[in-house]
Amino acid sequence: MSDRKQFLTVMVVAALFVGWLGWRGFEVISLNHSLKADAVVADYPYQHRVLRVEGNTAIMSSLRSHNISTRQALTTIFPSMQNLGDNHRDWQRAERELAQVQARAGDIILNAGGINRIRWELDENWYHLSHMQARQDSRR
């Protein structure tokens, strides 16, 4: 094969790869736009979002995981709730609201088309930024 044909082959493969990456990026942006267009999801203090798409699975950010309790997630969003007892009705309301908003965010993505499954992933970056902001606020 001539150098010219090899070069063209490499360029076509590279263009296809870049196009595929661009499409995946566009898909994530489009799905996140769908989340921002929903008033309930958009108005919640934590913004659930699609981090990436793997096949027909959307990997979405979450405040909860096996290592992070709902209480820890909620006190990060609502620091004023730290001193409330576990049975306080504000805790129950906040837990219910977080679960409803996360479920709604998942449903929006599942209904957007092309996505058949959601996998939730802890948003470690959000926690890191929240803790940094809290430290900065406490120094003021």
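Not measured: the values here are computed from a predicted model.
Taking every heavy atom of both residues into account, Q102 and S62 meet most closely at OE1-OG, 3.2 Å. Of all the heavy atoms in Q82 and R71, the pair that sits closest is O-NH2, 3.4 Å. Here the shortest heavy-atom pairing between L110 and N116 reads CD2-C, 3.6 Å. Closest approach of A42 and K36 over heavy atoms only: CB-O, 3.4 Å. In plain terms, the two heavy atoms of W91 and M81 that are nearest each other are CZ2-O, 3.3 Å. Across all non-hydrogen atoms, the minimal contact from H48 to S61 is CD2-O, 3.4 Å.
No side-chain heavy atom of E27 sits under 4.5 Å from any side-chain heavy atom of V50. Taking 4.5 Å as the limit, every side-chain heavy atom of L63 sits out of range of all side-chain heavy atoms of I68. Using a 4.5 Å heavy-atom cutoff, the side chains of D107 and R104 are not in contact.
Atom CD of Q72 has more than 12 heavy atoms from other residues, nucleotides or ligands within 6.0 Å.
Rounding to the nearest 0.5 Å places CD1 of I59 at 11.5 Å from CD1 of I109. Interatomic distance, R96 CZ to R89 CZ, rounded to the nearest 0.5 Å: 11.5 Å. The CH2 atom of W126 lies 5.0 Å from the CD1 atom of I77; values are rounded to the nearest 0.5 Å. Summarising the geometry, atom CD belonging to E97 is positioned 5.5 Å from atom CZ belonging to F78; distances are rounded to the nearest 0.5 Å. Note that the CD1 atom of I108 and the CG atom of N32 stand 11.0 Å from one another [nearest 0.5 Å].
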* Report the C-alpha separation of L98 and E95 in whole Å, then their side-chain angles, then the decisive distance to 0.1 Å, and conclude whether the side chain to side chain contact (heavy atoms under 4.5 Å, CB included) test is met. => CA-CA 5 Å; L98 174 59; E95 288 174 345; 6.0 Å; no
* To do: For L122 and N67, run side chain to side chain contact (heavy atoms under 4.5 Å, CB included): C-alpha distance rounded to whole Å, both residues' side-chain angles, the deciding distance at 0.1 Å, then the answer.
  => CA-CA 9 Å; L122 181 64; N67 299 327; 5.6 Å; no
* **Derivation and outcome, side chain to side chain contact (heavy atoms under 4.5 Å, CB included), residues D123 and R49** => CA-CA 10 Å; D123 194 346; R49 65 190 189 285; 2.7 Å; yes
* Steps toward side chain to side chain contact (heavy atoms under 4.5 Å, CB included) verdict (E54, R117) -> CA-CA 10 Å; E54 296 174 357; R117 191 170 157 249; over 6 Å; no
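Hydrophobic clustering (ILVMFWY, side-chain heavy atoms < 4.5 Å, transitive): W120 and L51 are in distinct clusters.
Side chain to side chain, Y46 and T76 fail the donor-acceptor criterion of an N or O pair below 3.5 Å.
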